[in-house]
Amino acid sequence: MKVRTRLAPSPTGDPHVGTAYQALFGYAWAKANGGQFVLRIEDTDQERSSKASEKAILDSLKWIGIEWDEGPDVGGSFGPYRQSDRLHIYKKYIDQLIEEGHAYPCFCTKERLDGVRKKLIEEKAPNRGYDRLCRDLAPAEAIQRMEAGESFVVRMKIPLEGDCVFKDLLRGEITKDWASIDDQVIMKADGFPTYHLAVVVDDHLMEITHIIRGEEWINSVPKHVLLYKFFNWQAPEYCHLPLLRNPDKSKLSKRKNPTSINYYRKAGFLPEALLNYLGMMGWHMPDGSEKFTIQDMIKNINLTDISLGSPVFDRDKLRWLNGKYIREDNTVAELTDKLQEWALNPSYIRRVTEVVSSRLETLADWGYFTAMFFSDSVPVTEELLTVKNMETSEVLELLQVTIWKLEKVRDWTSSNISQALKEVSELFELKLKALTTPLYGAICGSKIAPPLFDSMEVLGSDICRTRITAAMNVLGGLSGKKLKKLEKKYRA
RNA sequence: GGCCCCAUCGUCCAAUGGUAAGGACACCGGCCUUUCACGCCGGCAAUACGGGUUCGAUCCCCGUUGGGGUCACCA
């Protein structure tokens with residue numbers, strides 16, 4: 001059996017452990033069948049996609065030990081492997097759909113759509129989607145308006161009634177009624193395709209046989225199946241993996257858990273342990289052993305054996321597994337090498353030393369001042385986070401907004417960090433010191449510490465944000481309700 | 001809210017139409033040990049609920065409840 005699987009990440013942020021999770025299963029399944037594993041970059045969102053994110057994703061996948069046979073960096077005979085380089089291909093298929101009457105241009109403005117949506121919600125209509133105003137536009141009028149330069153998107157014609165039945169490898173047949181799906185946009189006003197069109201065209205052209213991805217996609221399968229039908233193509237097998245969860249069972253999110261692969265790397269986890277841990281989410285070795293390699297997985301995997309209860313990502317168990325790898329699979333010499341690669345290398349030591357040098361009276365002071373640069377978390381107490389004349393709740397809000405602000409810092413340098421923090425303090429009409437005080441506590445775990453912004457730069461964005469979140473938990477955290485309110489207030 | 005998906009210890013993963021429901025993490029106790037950790041031994045702890053089908057259901061069916069996802073010119 002020829003098997004080709006793919007990982008199709010969108011380069012819009014930090015490399016996510018969920019991406020590695022999907023990659024692991026896709027890769028293992030392809031290799032178990034002597035097939036290929038393809039990496040395709042889905043950068044059809046011009047606003048949010050970035051080359052930096054793409055690079056980060058490729059780097060972290062390589063770090064964790066996933067390799068791809070075809071991809072934007074290695075090429076392959078089904079390229080290009082970046083969707084923004086495939087626009088001409090999508091164009092052809094979109095034109096074809098319009099021509100055959102399966103899709104139509106829609107001239108509705110964003111304002112009109114918002115209004116329609118609002119009204120439908122008020123009316124408690126079962127379907128809150130698009131009202132299909134442009135669906136029955138006379139072709140002549142549509143052409144005229146397009147030629148007049150009016151902005152438009154292209155929508156696919158979803159059947160007005162009946163059911164869509166499709167098969168998921170893990171769940172069996174799933175039925176969804178067409179009436180609950182609105183006429184999906186397949187080409188945006190900027191001429192870029194949306195995910196739904198691009199994914200179908202690419203998976204077909206790249207001869208993908210199994211789509212292994214997260215469960216959040218189940219509801220859009222009917223749109224994809226319909227496109228396959230329009231094009232008269234054979235749809236691949238669908239295998240929707242359970243979603244990794246936070247301890248509170250919601251979808252794993254950076255709000256509640258470190259989700260960036262880079263965090264785990266920086267925090268001193270071994271790639272093989274992380275990968276192994278991901279492998280035991282929903283799957284197990286036939287003999288029940290918990291420590292296994294990706295090769296073991298390849299030898300034993302069967303997609304239908306994956307269990308469906310969405311697993312909670314448990315950092316304690318990951319730590320335990322990681323410890324097992326450290327002590328069972330490494331000699332002291334090997335461990336020393338790994339430590340050097342991780343942080344005890346001249347370049348990192350130099351950066352750290354630069355930050356603390358002015359505080360040293362003896363060389364031995366170095367160890368005292370730099371411990372925070374070589375650890376995952378830091379010992380935070382409530383007292384360290386306390387600011388004079390400020391309520392705990394206000395400190396919490398301050399820290400939360402700081403995290404949001406820091407997430408947006410593209411180039412993680414001391415001066416950009418400083419700028420971001422100044423903006424936060426201005427937003428709260430506070431002196432910068434009111435912000436840096438709890439931050440020192442959160443980041444350094446001490447009042448005696450090297451300069452904050454420089455330290456943050458050296459530590460990196462992932463560790464910093466994780467430490468701030470941890471500090472917030474020490475203070476009791478923000479309730480979901482308060483968080484929402486705050487988000488509304490500051491996030492616009 | 002509509003729709004879709006899911007449901008075994010707190011967590012991860014097993015098992016079977018007839019079971020003492022098993023292993024791992026975490027937690028607790030003990031042993032080992034100069035401490036801690038590791039290791040070893042032991043303990044706590046689950047089939048969400050209600051109906052069916054069946055001689056017998058944790059397992060099959062239906063309902064309820066609960067959880068999650070999804071309803072964008074984001075993927």
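Chain letters run A, B, ... following the sequence lines, proteins first and then strands; every chain starts at 1.
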- Are side-chain N/O atoms of A:Tyr90 and A:Asp202 paired as donor and acceptor at under 3.5 Å?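 A:Tyr90 vs A:Asp202: donor-acceptor pair found between side chains.
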- Query: Going by atom types alone, do A:Asp163 and A:Thr175 pair a side-chain donor with an acceptor below 3.5 Å?
  - Reply: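 No.
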Taking the minimum atom-to-atom distance to the side chain of [X], which one of [options] wins?
{"X": "A:Ser307", "options": "B:C74, B:A14, B:C25", "result": "B:A14"}
{"X": "A:Lys188", "options": "B:C13, B:C73, B:G69", "result": "B:C73"}
{"X": "A:Pro311", "options": "B:C25, B:C13, B:A75", "result": "B:C13"}
{"X": "A:Tyr195", "options": "B:A75, B:C73, B:A24", "result": "B:A75"}
{"X": "A:Val312", "options": "B:C12, B:C73, B:C5", "result": "B:C12"}
{"X": "A:Ser250", "options": "B:G69, B:A26, B:A14", "result": "B:G69"}
{"X": "A:Glu215", "options": "B:A75, B:C73, B:C5", "result": "B:C5"}
{"X": "A:Arg117", "options": "B:A75, B:C73, B:C4", "result": "B:C73"}
{"X": "A:Arg245", "options": "B:G67, B:C74, B:C4", "result": "B:G67"}
{"X": "A:Ile174", "options": "B:C4, B:C25, B:C6", "result": "B:C4"}

OP1 or OP2 of [N] less than 4.0 angstrom from a side-chain nitrogen or oxygen of [X], does that happen here?
{"X": "A:Thr194", "N": "B:A72", "result": "no"}
{"X": "A:Lys251", "N": "B:U70", "result": "yes"}
{"X": "A:Lys249", "N": "B:U11", "result": "yes"}

How would you label the contact of [X] with the nucleic acid (heavy atoms, under 4.0 Å): base, sugar-phosphate, or nothing?
{"X": "A:Glu290", "result": "base"}
{"X": "A:Leu243", "result": "sugar-phosphate"}
{"X": "A:Thr44", "result": "sugar-phosphate"}
{"X": "A:Gly323", "result": "nothing"}
{"X": "A:Cys164", "result": "nothing"}

Integer angstrom distance from the [atom1] of [N] to that of [M]:
{"N": "B:A57", "M": "B:A72", "atom1": "P", "result": "46 Å"}
{"N": "B:A15", "M": "B:C59", "atom1": "C1'", "result": "10 Å"}
{"N": "B:C74", "M": "B:U64", "atom1": "C1'", "result": "36 Å"}
{"N": "B:A37", "M": "B:G30", "atom1": "P", "result": "13 Å"}
{"N": "B:G42", "M": "B:C5", "atom1": "P", "result": "44 Å"}
{"N": "B:A26", "M": "B:C32", "atom1": "P", "result": "22 Å"}
{"N": "B:U53", "M": "B:C12", "atom1": "P", "result": "34 Å"}
{"N": "B:U54", "M": "B:G67", "atom1": "C1'", "result": "31 Å"}

- Message: Would you say the rings of A:Tyr238 and A:Tyr228 are close, in the sense that their centroids are separated by under 6.0 Å?
- Response: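 No: the rings miss the under 6.0 Å criterion.
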- Output field: ring centroids A:Tyr277/A:Phe313 closer than 6.0 Å: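 Yes, the ring of A:Tyr277 comes within the 6.0 Å limit of the ring of A:Phe313, centre to centre.
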- Message: Counting only heavy atoms and a strict 4.0 angstrom limit, can you tell me which residues of residues 324-341 of chain A come near RNA chain B?
- Response: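 Under 4.0 Å from RNA chain B: A:Arg327.
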- Heavy-atom donor-acceptor pair, A:Lys317 side-chain to B:A26 base, under 3.5 Å: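 No pair found.
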- Going by modelled atom types, is there a donor-acceptor pair between the base of B:C5 and the side chain of A:Arg171 at under 3.5 Å?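 No, the side chain and the base share no sub-3.5 Å donor-acceptor pair.
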- Message: Working note: A:Glu42 + A:Arg40, criterion side-chain contact (heavy atoms from CB on, under 4.5 Å); need CA distance, chi angles, decisive distance, verdict.
- Response: CA-CA 6 Å; A:Glu42 310 233 324; A:Arg40 183 176 70 225; 2.8 Å; yes
Round to the nearest Å and state the distance from [X] atom [atom1] to [N] atom [atom2].
{"X": "A:Arg48", "N": "B:A72", "atom1": "CZ", "atom2": "C1'", "value": "10 Å"}
{"X": "A:Leu321", "N": "B:G23", "atom1": "CG", "atom2": "P", "value": "19 Å"}
{"X": "A:His240", "N": "B:U70", "atom1": "NE2", "atom2": "P", "value": "12 Å"}
{"X": "A:Lys118", "N": "B:G1", "atom1": "NZ", "atom2": "P", "value": "21 Å"}

- Anything below 3.5 Å on both distances counts as a pair; with that, list the stems of at least three consecutive Watson-Crick or G-U pairs involving RNA chain B.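 Runs of three or more consecutive pairs: B:1-7 with B:65-71, B:10-13 with B:22-25, B:27-31 with B:39-43, B:48-52 with B:60-64.
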- Can A:Asp95 and A:Lys91 be counted as an ion pair, charged N to O under 4.0 angstrom?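 Salt bridge present between A:Asp95 and A:Lys91.
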- Decide, yes or no, whether a salt bridge links A:Asp69 with A:Lys31 under the criterion of side-chain N to carboxylate O below 4.0 Å.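 A salt bridge links A:Asp69 with A:Lys31.
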- cation_pi(A:Arg145, A:Phe152) dist<6.0 Å, angle<=45: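 Output no; distance or angle outside limits.
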- Pairwise 5' ranking along RNA chain B for A:Asp177 and A:Met281, keeping only the more 5' one: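 Its nearest nucleotide being more 5', the pick is A:Asp177.
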- Of A:Ser310 and A:Glu173, the one whose closest RNA chain B nucleotide lies more 5':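 Whichever sits nearer the 5' end wins; that is A:Glu173.
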May I have the list of side-chain donor-acceptor pairs in residues 219-227 of chain A shorter than 3.5 Å, sequence neighbours left out?
unit_1   : atom_1 : unit_2   : atom_2 : d
A:Ser220 : OG     : A:Trp217 : O      : 3.0
A:Lys223 : NZ     : A:Gln184 : OE1    : 3.0
A:His224 : ND1    : A:Arg213 : NH2    : 3.4
A:His224 : NE2    : A:His196 : ND1    : 2.9

- Message: Applying side-chain contact (heavy atoms from CB on, under 4.5 Å) to A:Leu97 and A:Phe231, what does each step give before you reach the verdict?
- Response: CA-CA 8 Å; A:Leu97 288 177; A:Phe231 289 126; 3.7 Å; yes
- Given A:Arg6 and A:Ile211, is the side-chain contact (heavy atoms from CB on, under 4.5 Å) satisfied, shown in steps? CA-CA 7 Å; A:Arg6 48 61 163 186; A:Ile211 293 185; 3.6 Å; yes
- Message: My understanding is that only one of A:Trp29, A:Tyr27, A:Phe37 makes a ring-ring contact (aromatic ring centres under 6.0 Å, His included) with A:His210; could you say which?
- Response: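 Exactly one option meets the ring-ring contact (aromatic ring centres under 6.0 Å, His included) with A:His210, and it is A:Trp29.
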